[in-house]
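Below you'll find the structure, written out as structure tokens, and then a few comments.
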Amino acid sequence: MSGANLQIRADGRLRHFLSIEGLDRRIFTEILDTADSFTGVAEQSVKKVPLLRGKTIVNLFFEASTRTRTTFELAAKRLSADVLNINIDVSSAVKGETLLDTLRNLQAMHVDMFVVRHSDSGTAHFIAAHALPHVSVINAGDGRHAHPTQAVLDMLTIRRNKGADFGRLTVAIVGDIAHSRVARSQIHALNLLNTGEVRVVAPRTLLPADVESLGVKVFHELREGLRDADVVMMLRLQRERMQGAMLPSEHEYFRLYGLTDEKLSMAKADVTVMHPGPINRGVEMDSQVADGPPSVILEQVAHGIAARMAVMSMAMQQNIQPQAND
Amino acid sequence: MKQADIPTLIDRMAEELRQRLDIDEQTVMVGIHTGGVWIARLLHAKLGIQKPLGTLDISFYRDDFTRIGMNPQVKPSELPFTLDGRTIILVDDVLHTGRTVRAAMNELFDYGRPASIVLATLVERSGRELPIEANVVGLHMELAEHQHVKLSGPEPLRLEVKTSS
Amino acid sequence: MTSPRIRIFGGRLIDPCNNVDGPFDLYIADGRVAAIGDAPDGFAADVELDATGMCVTPGLVDLCARLREPGQEHKASIDSECRAAASSGITTLCCPPDTDPVIDTPAVVELIRHRARQVGAARVVALGALTPGLRGVHLSEMAALQQAGCVGVSNAGNPLGSTLIERRAFEYAATFGLTVFLHADDAALSADGCLHEGRVSTRLGLPGIPEAAETVAVARDLALIEQTGVTAHFCRLTTRRAVRMVARAQFDGVPVTADVAIPYLYFTDVDASQFGPDYHFIPPLRTAEDRTGLLQSLRNGTLSALCSDHQPHEPDAKLAPFPATEPGASGLDSLLPLTLKLVEEGHLSLPDAIARVTCGPARILNIPCGELSVGRVADVCVFDLNGNWRLDQHTMSSRGKNTPFRGWEMRGRVRYTLRGRAPAPRDPAR
């Protein structure tokens, strides 16, 4: 629905990576396969490949995020690209340059790719719509709308743990769906891969309006939501939700929706537990679950770099010229 | 085309290599995925090389990445030995334009600094685009531009000439 | 200098206020309507306007148009927008009080009216601020504002401090017979929302404005309207539930009216699915069911006026990610053709549609406009019902080119706009 023609070129190749919506199964599978092939690179002694040598990638972050920014930076460097980190503080009262002016100024310096994170939904689409023809845009998170690279690494993690047949899987996403761009992208990706059943588990105040229209089954009770689940994806709970009159306390949240071994026993015996990080121990899950055998949280981190290497190199394809010093 | 006798070609290549180099416990061999690895395995066994066989996937080093795009079936490169100061026998199945070998050498030099590289290829055919030549060749072939030779395998290994329309 | 005597002949005269719809000539003398149908005795026309094949109606009355002056002259001005209005057959504009400075002193009212008179293209009536600075804390000097010419008072969508302040403001306005113009919005529920709260806002991850933000406010306001007996008007209702509440109150004899703005009759929240800034409106575009409800209520008269909700912007205001763009569309140029399109699509008869943009708004504003009664000031619009043109930045007269109707085929081309005298200065672009 959103930006379908913006992301894909006429020849079917990726130009921008803005949202899972608008991608078809073919290209999303190609992204997963490519990410898979990059996981091996991290295990080699030489972790760099020269694919994007000579290219300049700008991390344009309007929202503070050391974690996501570092994985994008590392991914770009492992592709031998030059990386520019630009952090713009939009919280300051004085309005600086318009977004469009910032974009134009950077493009005047002949950059090849923008990795954008912003608190306004639709920002990555906006930048992609105004980018020069040879420039690609990767969405590193826009408002509550999308975090598509997270969905790639999550689907890759599920595929590597459970196999490629998502049709036989029941996946439960637990937590603050309403405010989560991660959840939205995960839901779209799971549905794109024809997942057997996609569930969301949360109290009413943490579910967005008409959430079923996204293609999910709603549960308010965690144990029921976990029953026979193959994969559990936990979401981060932010402190602000207590202030915004959405939850009474972390204590009650943990009691009802926090993952413990006992609650996890409702799921299948070989259940996989995931979390985009960083974890609030004692809120989303206790330490036993976080560090236990079902948890693949650290694997997710490794896959995050491969996922980003994949989308960056796929989106940059048209720009690669034969190297001058062969 | 008469089906090439690959085992015989391998024997001949192995013999030429023995004449060219002193094969000892320091000798290392690297095959280029995918056909080059099949040939390298046979040569590696025939020559009794002690160090494990190295394998290279040059997908990330290709220069025609733009046209061909990402190959999602890439396997990681495995070089379970140091390269520094060593002579490396680099093995491929078909030497045509020379670009694959160029990419392979680039990748090898990212890993270390070999003393020298000896290139052994099963088939050498016309159509070079870069100044690269093999040191040891199993079979020379004169082919037109629209003809392509391909090694299929791993069992059985067959050489096929195809004509593109 | 005496005004010329004018005869407009050959057209279809539609004056819903007086139940007139037929092939009648219009005679104007001294800037006023002299006669309809037959010429008055001894009438010799100085100017004869041939309206053959066209419609002749009262000049349109636009219930809400932002002129951006004073305070936001980088977007538009009284000069540019009044001329744009005249080009579009609109002879009276009502501007809300959220200028800068706010219309909370007679001086600002006088500034606007003086400027409008200088330009001479269209009449401007102003709404005064309900509270000084629109801050919602104290009462403004409503009597003085009324004396300076304000036809009503409004807080222009800004929240009031409490229901007690709202009650007092209603009572004070009622003292002077002033109509309060209300924007039904509960600030706490709409918060920083920018799209209707529903499946589209969920999908796009945009903060939503729930239906309840409008219905809660309407319920509260209706209760206070009944308590205080003030005459009230709801501006730009968007939900069928709120309109139903107003219809019930009207049935019970409560002195309340309501209007709807053109964009809400054509678009829904689904149209914003691509983050298109032209679909950013406050209040937001609602659902298809709401749209159907609004059209029905417009037809049956619960909604007695249709307005443009004209909000011209400079290009930068729309060049940003959706939530960061300024809401609103430029609507003067398209008010008439889009009103006529509703007739074409079978939602309204032509006389009823004309009523919604002439006597309907005039009655709400309590001004003697929007009708061609003998003796009234001759504000007339002559348009070709079948004249086609395309709405784009070259054909739009307003300085604001921001509209979701860009590129649409418009049917209804204004030929003459009269304001009590010979045809007003018009934009030659169309």
Side-chain angles (χ1 to χ4, degrees), chain A residues 1-6 18-22 62 90 95 97-104 116 118-130 139 141-148 177-185 187-188 191 200 207-216 244-245, chain C residues 74 186-215 239 241 268-281 284-290 313-327 402:
Chain A
M1 180 206 280
S2 14
N5 45 4
L6 211 53
L18 308 173
S19 61
I20 304 296
E21 272 197 293
F62 295 86
V90 285
K95 277 224 163 91
E97 211 174 29
T98 67
L99 190 54
L100 211 48
D101 278 336
T102 304
L103 177 69
R104 287 181 183 138
V116 184
H118 199 286
S119 53
D120 281 338
S121 301
T123 299
H125 281 76
F126 174 74
I127 291 185
H130 289 91
N139 186 4
D142 62 327
R144 295 176 204 162
H145 172 235
H147 195 358
I177 315 290
H179 300 91
S180 174
R181 54 188 169 219
V182 168
R184 282 172 176 80
S185 288
I187 291 168
H188 291 313
N191 283 324
V200 291
L207 289 173
D210 276 313
V211 68
E212 294 89 349
S213 68
L214 293 177
V216 297
Chain C
H74 59 289
D186 185 273
L189 287 177
S190 57
D192 56 357
C194 57
L195 196 59
H196 170 68
E197 186 188 275
R199 43 180 75 188
V200 178
S201 71
T202 288
R203 200 169 267 273
L204 297 185
L206 285 171
I209 299 173
E211 178 188 66
E214 184 169 282
T215 51
T239 68
R241 285 210 167 85
T268 66
D269 60 345
V270 174
D271 291 294
S273 297
Q274 307 284 332
F275 289 110
D278 283 329
Y279 303 96
H280 184 191
F281 287 94
L285 298 170
R286 301 281 185 186
T287 66
E289 290 81 18
D290 289 313
H313 283 295
E314 80 283 17
D316 277 347
K318 295 288 191 184
L319 279 176
F322 191 92
T325 56
E326 292 185 58
N402 51 302

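Chain identifiers are assigned alphabetically (A, B, ...) following the order of the sequence lines, protein sequences preceding nucleic acid strands; residue numbering begins at 1 within each chain.
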Compare every heavy atom of [Y] with every heavy atom of [X], then report the nearest pair and how far apart it is.
{"X": "C:P207", "Y": "A:R144", "value": "CA-NH1, 4.1 Å"}
{"X": "A:S213", "Y": "C:R199", "value": "OG-CB, 3.3 Å"}
{"X": "A:S121", "Y": "C:G205", "value": "OG-O, 2.6 Å"}

Counting heavy-atom pairs under 4.5 Å with chain C, the top scorer among A:I127, A:L100, A:T123 is A:T123

What distance do [X] atom [atom1] and [Y] atom [atom2] have between them, rounded to the nearest 0.5 Å?
{"X": "C:T202", "Y": "A:I187", "atom1": "OG1", "atom2": "CD1", "result": "10.0 Å"}
{"X": "C:T325", "Y": "A:D120", "atom1": "OG1", "atom2": "CG", "result": "9.0 Å"}
{"X": "A:D142", "Y": "C:L206", "atom1": "CG", "atom2": "CG", "result": "9.0 Å"}
{"X": "A:R184", "Y": "C:L204", "atom1": "CZ", "atom2": "CG", "result": "9.0 Å"}
{"X": "C:D316", "Y": "A:T98", "atom1": "CG", "atom2": "OG1", "result": "6.0 Å"}

- Based on non-hydrogen pairs under 4.5 Å, which of C:A320, C:A324, C:G198 is most in contact with chain A?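 Most heavy-atom pairs within the cutoff with chain A belong to C:A320.
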
The interface call for A:H179 against chain C, heavy-atom contacts under 4.5 Å, is neither

Relative to the ring of C:F275, is the ring of A:H145 parallel (under 30°), tilted (30 to 60°) or perpendicular (over 60°)?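 Geometry flag for C:F275 against A:H145: perpendicular rings.
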
